[in-house]
Amino acid sequence: MRAIKTLGLLGLLVSGAGLAHSPAPTHGPAHPPSAEVTALMTKALPDYPGKQAEMITVTYPPGSVDPVHRHNAHAFVYVLEGSIVMGLNGGKEVTLTPGQTFYEGPNDIHTVGRNASLTKPAKFVVVLLKNENAPVLTPVD
């Protein structure tokens with residue numbers, strides 16, 4: 001009888017160990033949440049005819065991921081809250097935290113832009129120097 005109890009306990013331990021090493025199920029949304037963009041200011045630059053500066057804030061909800069895009073502008077990023085992951089032209093990704101900065105040039109393709117966290121939002125300010133009335137973001141296929 002004792003051998004049967006020991007085998008039963010051993011079986012439970014082995015099956016439990018198998019569960020501990022099985023991959024965790026994914027329960028995330030089919031489409032990650034979108035970034036929330038707030039326009040703060042747009043200013044014509046008379047010293048640079050046809051150009052303007054635009055300042056926006058971007059809030060990434062937890063798990064937010066940007067599509068591949070470009071800005072056709074000089075983009076200066078300053079992280080306010082949370083952590084974001086950025087990458088250009090298929091290069092090395094960088095993780096930025098509050099107080100850190102990032103630059104994107106007018107010819108760069110923004111291949112990675114996402115919240116580094118699945119549980120906390122992230123927020124950053126972007127200053128764009130671009131052509132007047134040009135869109136802030138242009139998707140890239």
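With contacts defined as side-chain heavy-atom distances shorter than 4.5 Å, the pair Val79/Ile84 qualifies. The shortest distance between side-chain heavy atoms of Leu88 and Phe102 falls below 4.5 Å. A 4.5 Å side-chain heavy-atom check between Val136 and Leu128 finds at least one atom pair inside the cut-off. When side chains are defined from C-beta on, Met86 counts as touching Leu96, because their heavy atoms get closer than 4.5 Å. Side chains of Lys130 and Asn72 form no contact here, defined as non-hydrogen atoms less than 4.5 Å apart. Residues Leu80 and Val125 are in side-chain contact: their nearest non-hydrogen atoms beyond the backbone lie under 4.5 Å apart.
Taken together through direct or relayed side-chain contacts under 4.5 Å among Ile, Leu, Val, Met, Phe, Trp and Tyr, Val37 and Leu40 form parts of separate hydrophobic clusters. Residue Met41 is not grouped with residue Val126 when hydrophobic side chains (ILVMFWY) are merged at heavy-atom distances under 4.5 angstrom, including chains of intermediate members. Val112 and Val94 are not part of a single hydrophobic cluster, where members link through side-chain heavy atoms under 4.5 Å apart. In terms of hydrophobic clustering, with Ile, Leu, Val, Met, Phe, Trp and Tyr side chains grouped at heavy-atom distances under 4.5 Å, Val85 and Val65 are assigned to different clusters.
Note on ring orientation: taking the six-membered ring where Trp is involved, the planes of His71 and His69 are perpendicular (angle over 60°, cut-offs 30° and 60°).
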Might you work through the salt bridge (charged side-chain N to carboxylate O under 4.0 Å, His left out) test for Glu93 and Arg114, ending with a clear yes or no?
CA-CA 10 Å; Glu93 296 179 9; Arg114 64 180 162 84; 3.2 Å; yes

Assess the residue pair Val68 and Ile109 against the criterion (side chain to side chain contact (heavy atoms under 4.5 Å, CB included)); give the C-alpha distance rounded to whole Å, side-chain angles, the decisive distance to 0.1 Å, and a yes or no.
CA-CA 7 Å; Val68 175; Ile109 296 176; 3.6 Å; yes

Which is it for Phe124 and Tyr78 under the ring-ring contact (aromatic ring centres under 6.0 Å, His included) test, yes or no, and what are the steps along the way?
CA-CA 6 Å; Phe124 52 99; Tyr78 181 81; over 10 Å; no

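Going from atom CG of Asn107 over to atom NE2 of His74 covers 8.5 Å, rounded to the nearest 0.5 Å.
Side-chain polar atoms of Tyr103 and Asp108 form no donor-acceptor pair below 3.5 angstrom.
Minimum heavy-atom separation, Ser83 to Thr95: CB-CG2, 4.3 Å. When all heavy atoms of Leu118 and Gly63 are compared, the pair lying nearest together is CD2-CA, 3.7 Å. Across all their heavy atoms, Asn115 and Tyr60 have their closest contact at ND2-O, 3.1 Å. In this structure, Pro98 and Gly82 approach most closely via the heavy-atom pair CD-O, 3.1 Å. The shortest non-hydrogen separation linking Pro33 to Pro62 is CG-O, 3.3 Å. Shortest non-hydrogen contact noted between Leu45 and Gln52 is CD1-C, 3.8 Å.
Remark: Glu132 does not engage Lys51 in a salt bridge, criterion side-chain N to carboxylate O under 4.0 Å.
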